[in-house]
Amino acid sequence: MKPRILIVYTGGTIGMIEDPVSKALKPFDFSHLMENVPKVKMLDYEIDNIQFTPPIDSSDMDVEHWQMIARSIADNYHKYDGFVVLHGTDTMAYTASALSFMLGNLCKPVIITGSQLPIGEVRTDGEENLITALQIAADRDETGCPTVREVAILFENYLWRGNRSTKRSADNFNAFKSNNYPALAKIGLGISFDYDALRKIHRALPLEPRYNLDTHVMSIDLFPGLNENLLRYQLSAPGIKGIVLRTYGAGNGPTQKWFIDTVREAVDRGVVILNVTQCVNGAVHASRYMGGDYLAAAGVIPGHDLTFEAAITKMMYLFGLGLDSNEVARRLAIPIAGELTITPQR
Ligand code: ASP
């Protein structure tokens, strides 16, 4: 049986062309993209596609688009062996994170890719990325099961776990990285999978898609000079349910009383505050310094080694399930789709 793959084309640089007047890149249709990758026909796969009309620059990505992608996969889950999502790089890591939570019990490959240069350009990275993504989506292990059973980002030389990935370069072909988790595969002459890093599914359960995401969440970055009134204002924004607090180093914040009191008051009002580090690598160890310890004592949840993209989408997902703040807080610190590694906090 030929592998059956569904491509979901959302837009992004990979399919863009230059606007004749402004010279800016703008999304273009899927047939243009495929005309520029004749090599796809050399793969002996059955490939179908679903496209966004119109395709979008991923800076326009929103919750409704995530719902459309998740629905395209869920509605066709039984018909295909794997899924390739073509997507702009700017918000790819957010989409990958959101989909990893929305597609409960996923045990087929959902490979997201795009490119830094449009497919029509001579030095494009789009052709190689698309072909490799299709090959990974079709790959099976020796037992006949899909090798990848999770949402992953394929870009240039690496396959990364989607909810561990971050866009790290606006210029390099290797645009993504997972700073706290190994690559799922390295792409060179061949595709070399790291079987220990890949997500293991012990029992294949029916896919359980969850489309509802609650956007009453926000993020606050700590920086020296943070203004008390502005912080208080943000923490009491009407409708706010959850905040990802981007702290220093191992999860530290100021130890001043006004700061801790302001945070505690918000927690007491039922706002869930999740502590993630501003560092690109490493995890929150709340009790290592006083600043982190005070935050934990005020009821701030340690985000361990979550990326910001995974933290904010996980909050949207958990509140979208209709859970109360205590339950959201509890589940934030527990892995759902391999997005975090629990580090002892004491
Ligand atoms: N702005 C583009 C997008 O995210 C960038 C890209 O695709 O690389 O859609």
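Remember, it's 1-based here, ligands and their atoms both numbered in the order they're listed.
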Salt bridge present between K2 and D81 (N-O < 4.0 angstrom): no

Distance filter under 4.0 Å to G12 heavy atoms, resulting ligand 1 atoms: 7 (O), 9 (O)

Assess R71 against Y211: is NZ or CZ under 6.0 Å from the centre of the six-membered ring, and within 45 degrees of the ring's axis? yes

Shortest protein heavy-atom distance from atom 9 (O) of ligand 1, along with the residue and atom involved: S58 N, 2.7 Å

Counting only heavy atoms not in Q51, do more than 12 sit closer than 6.0 Å to its CD atom? yes

Mind checking whether T91 has an N or O less than 3.5 Å away from an N or O of ligand 1? no

Specify the protein heavy atom at minimum distance from atom 1 (N) of ligand 1: its residue, its atom name, and the distance to 0.1 Å. D90 OD2, 2.8 Å

Whether Y80 and F83 hold their rings parallel, tilted or perpendicular, with breakpoints at 30° and 60°: perpendicular

Heavy-atom contacts under 4.0 Å between S115 and ligand 1: side chain, backbone, both, or neither? backbone

For atom 8 (O) of ligand 1, which candidate among T89, I14, L25 holds the nearest heavy atom? T89

With heavy atoms of T13 as the reference, note each atom of ligand 1 found under 4.0 Å away. 2 (C), 5 (C), 6 (C), 7 (O), 8 (O)

Whether K177 engages the ring of Y158 as a cation-pi pair (distance to the six-membered ring centre under 6.0 angstrom, angle to the ring normal within 45°) should be assessed. no

Please determine whether a side-chain nitrogen of the Lys or Arg among R164 and E339 lies less than 4.0 Å from a carboxylate oxygen of the Asp or Glu. no

